[in-house]
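Everything on this sheet refers to the single structure shown next.
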Amino acid sequence: MAKYKHIEVPKNGKAITVKKKKLKIPNNPIIPVIEGDGIGRDIMKATRRVVDAAVKKAYKGRKRIVWMDIFAGERANELYGEWMPQETFDAIKQYKVALKGPLTTPIGGGFRSLNVTLRQVLNLYACVRPVSWFKGVGSPVVHPEKLNVVIYRENTEDVYAGIEWKKGSKDAKKVIAWLNKSMKTNIRTDSGIGVKPISVTGTKRLVRKAIQFAIDKKRSSVTFVHKGNIMKYTEGAFRDWGYQVAIAEFRNKIVTEDELWSKYKGKMPKGKILIKDRIADSMFQQVLTRPDEYDVLATPNLNGDYLSDACAAQTGGLGMAPGANIGDYIGLFEATHGTAPKYADKDVINPGSLILSAAMMLEYLGWGKAAELIEKGIQKTITKKTVTYDLHRQMKGAKKIGTSQYATNIINNM
């Protein structure tokens, strides 16, 4: 077992391991947890209480989460003198599944984003964002119940590659001069320059995960969202490579949209998953006007970033939006919102995003019964109209309560 400088490894838990390319989950898995900055302190306390209660109720003491605090962001800087210590990466690699609160990225530091750094170093290539509506939550759309999607967003390339050069810099001038001369482009010399790589490797592993999820969960379709009508060799290629994976690896499980009409006259064969694609700008319209026609969405990085937040806005906002970053085995589950430091330590913020992300984590462990209890507890709490301020302002006749009381109510309503 690895020795750590500031991480205390619990003696009453066991590490998750990989056996025959599958996670082997003990009944008492050690789960590393990054509390997070700002409101992270409030929402993580609430989340751990809710998760512990759900697991206890679901499994009558036969299973339990053994939490292990690890550090990133402000707390790590206090302890280690650095924002993202190596032993944090090492602990997540060793224990495989982790829970994370929101993190501040230091201004002027060596990181573009601590969140992005974690995803890239740990090769967490799939950002997974389920978006669905809890009955009673206020919404800007008439029928929020029609939206029930899971977005698989590529997490390591496209704009997240972070390859760019500042306008007027020596490197920018060099790149522009080379492109204009050698590649016959006509880029203005006062431009900033960025490169968005989209690879076969990155695309196929993301799409593979999305389709396998759709099969495992008996979802109806997978839609590739791209801007391939303009960017044919990056986003258009994402679409083409997506179809290649679907046909080569899942042939007996899928039907493409072309085949649906050419072979099946528009009638979907029983037990098959429909594979289709949509142009990104059209997709934004579709999730508003025809949301029930979409199920699992697979996207390059930037499209998925916009789309997941736009969908979340229809169902109560980011306070109700869970998320995960998943690689081949490692799963890092996190709140999808920021640190909101002005609300820190005030016991007012909605912990829903992190609690639902923890429910996703329980599903990932195969502990679906506990995850269902959490969702049931949240729905009943919302139905009773006892909610935090963000939901309170969207709901008539609701009672406003704090973070800790909201968590207590969820536990009582499981």
Can you check whether M44's main-chain N or O pairs, donor with acceptor, with R41's side chain at less than 3.5 Å? no

Indicate whether the side chain of N325 and that of R119 have a donor and an acceptor atom separated by less than 3.5 Å. yes

Using a distance-only test with no angle check, is there a side-chain donor-acceptor pair under 3.5 angstrom linking D277 and H226? yes

So K209 and I326, side-chain contact (heavy atoms from CB on, under 4.5 Å) or not? Walk me through it. CA-CA 9 Å; K209 251 194 177 9; I326 297 172; 3.4 Å; yes

How long is the straight-line distance from CD1 of I151 back to CG of N303, given to the nearest 0.5 Å? 10.5 Å

I'd like to know if the side chain of D295 and the backbone of S220 have a donor-acceptor N/O pair within less than 3.5 Å. yes

Indicate yes or no for a side-chain donor-acceptor contact from W133 to the backbone of V137 under 3.5 Å, with no hydrogens or angles considered. yes

Compute both the distance and the angle, then confirm whether K276 meets the cation-pi test with Y294: under 6.0 Å from the six-membered ring centre, within 45 degrees of the axis. yes

Partner of L288 under side-chain contact (heavy atoms from CB on, under 4.5 Å), picked from M283, Q314, K146, is Q314

Distance alone, cut at 3.5 Å: any donor-acceptor contact between the side chains of Q379 and T383? yes

Cut-off 3.5 Å, side chains only: do E235 and N229 have a donor facing an acceptor? no

For the residue pair R208 and F213, would you count it as a cation-pi contact if the rule is NZ or CZ under 6.0 angstrom from the ring centre and within 45 degrees of the ring axis? no

Do D158 and K196 sit within salt-bridge range, that is, some charged N less than 4.0 Å from a carboxylate O? yes

Would you call the rings of F224 and Y243 parallel, tilted or perpendicular, taking 30° and 60° as the class edges? perpendicular

Donor-acceptor contact present, side-chain E157 to main-chain S199, <3.5 Å: yes

Assess whether a salt bridge exists between D42 and K346, defined as any Lys/Arg side-chain N lying under 4.0 Å from an Asp/Glu carboxylate O. no

Please check if the distance between the ring centroids of Y343 and Y389 is under 6.0 Å. yes

Any chance the side chains of D240 and Q244 put a donor and an acceptor closer than 3.5 Å? no

Tell me whether E87 contacts the main-chain N or O of K5 through its side chain, where contact means a donor paired with an acceptor under 3.5 Å. yes

Does a salt bridge link R129 with D309, judged by any charged N lying under 4.0 Å from a carboxylate O? yes

If you apply the rule side-chain contact (heavy atoms from CB on, under 4.5 Å), what do you find for K217 with V150, and how did you get there? CA-CA 11 Å; K217 300 296 182 181; V150 180; over 6 Å; no

In this structure, are over 12 heavy atoms from other groups packed under 6.0 Å from M395 atom CE? yes

After noting the C-alpha distance and the side-chain angles of V66 and I31, does the key distance pass the side-chain contact (heavy atoms from CB on, under 4.5 Å) rule? CA-CA 6 Å; V66 180; I31 301 293; over 6 Å; no

Indicate yes or no: does K227 engage D281 in a salt bridge with an N to O separation below 4.0 Å. yes

With a 3.5 Å cut-off and sequence neighbours excluded, list the donor-acceptor pairs that the side chains of residues 17-25 form with protein atoms.
none

Residues K100, V33; criterion side-chain contact (heavy atoms from CB on, under 4.5 Å); working and verdict: CA-CA 6 Å; K100 183 182 85 60; V33 56; over 6 Å; no

Just by modelled atom types, is the W165 backbone N or O under 3.5 Å from a matching donor or acceptor in the S169 side chain? no

Could you state the interatomic distance from CG (L79) to CD (E74), rounded to the nearest 0.5 Å? 12.5 Å

Salt-bridge present (E78, R75; N to O < 4.0 Å): yes

Student check: side-chain heavy atoms of N350 and L391 closer than 4.5 Å: yes

Looking only at the side chains, is there a donor atom on one of T381 and N409 sitting less than 3.5 Å from an acceptor on the other? no

Return yes if some donor-acceptor pair links the side-chain N/O of K400 with the main-chain N/O of R393 below 3.5 Å, else return no. no

Can D216 and Q212 be said to form a side chain to side chain donor-acceptor pair (under 3.5 Å), step by step? CA-CA 6 Å; D216 292 344; Q212 190 61 58; 2.9 Å; yes

Answer whether the closest heavy-atom distance between the side chains of I273 and I211 falls below 4.5 Å. no

Are the side chain of E154 and the backbone N or O of T156 linked by a donor-acceptor pair below 3.5 Å? yes

Stepwise side chain to side chain donor-acceptor pair (under 3.5 Å) check, Y125 with Q120: CA-CA 8 Å; Y125 53 81; Q120 291 183 333; over 6 Å; no

Side chains of K63 and N27: do they bring a donor and an acceptor to under 3.5 Å? yes

Can any side-chain N or O of T299 pair as donor or acceptor with the backbone N or O of G304 at less than 3.5 Å? yes

Contact list for residues 175-200, test ring-ring contact (aromatic ring centres under 6.0 Å, His included), sequence neighbours left out: none

Does atom CZ of R290 have more than 12 heavy-atom neighbours, drawn from other residues, nucleotides or ligands, at distances under 6.0 Å? no

Is it true that a side-chain atom of T88 and a backbone atom of M84 form a donor plus acceptor pair closer than 3.5 Å? no

Name the residue from V97, I16, L124 that meets the side-chain contact (heavy atoms from CB on, under 4.5 Å) definition with I330. L124

If you measure only the distance, is there a donor-acceptor pair under 3.5 Å linking the side chains of N180 and T185? yes

Steps toward side chain to side chain donor-acceptor pair (under 3.5 Å) verdict (E82, N77): CA-CA 4 Å; E82 55 183 317; N77 197 38; over 6 Å; no

I want to know whether Y80 and H6 have ring centres closer than 6.0 Å. yes

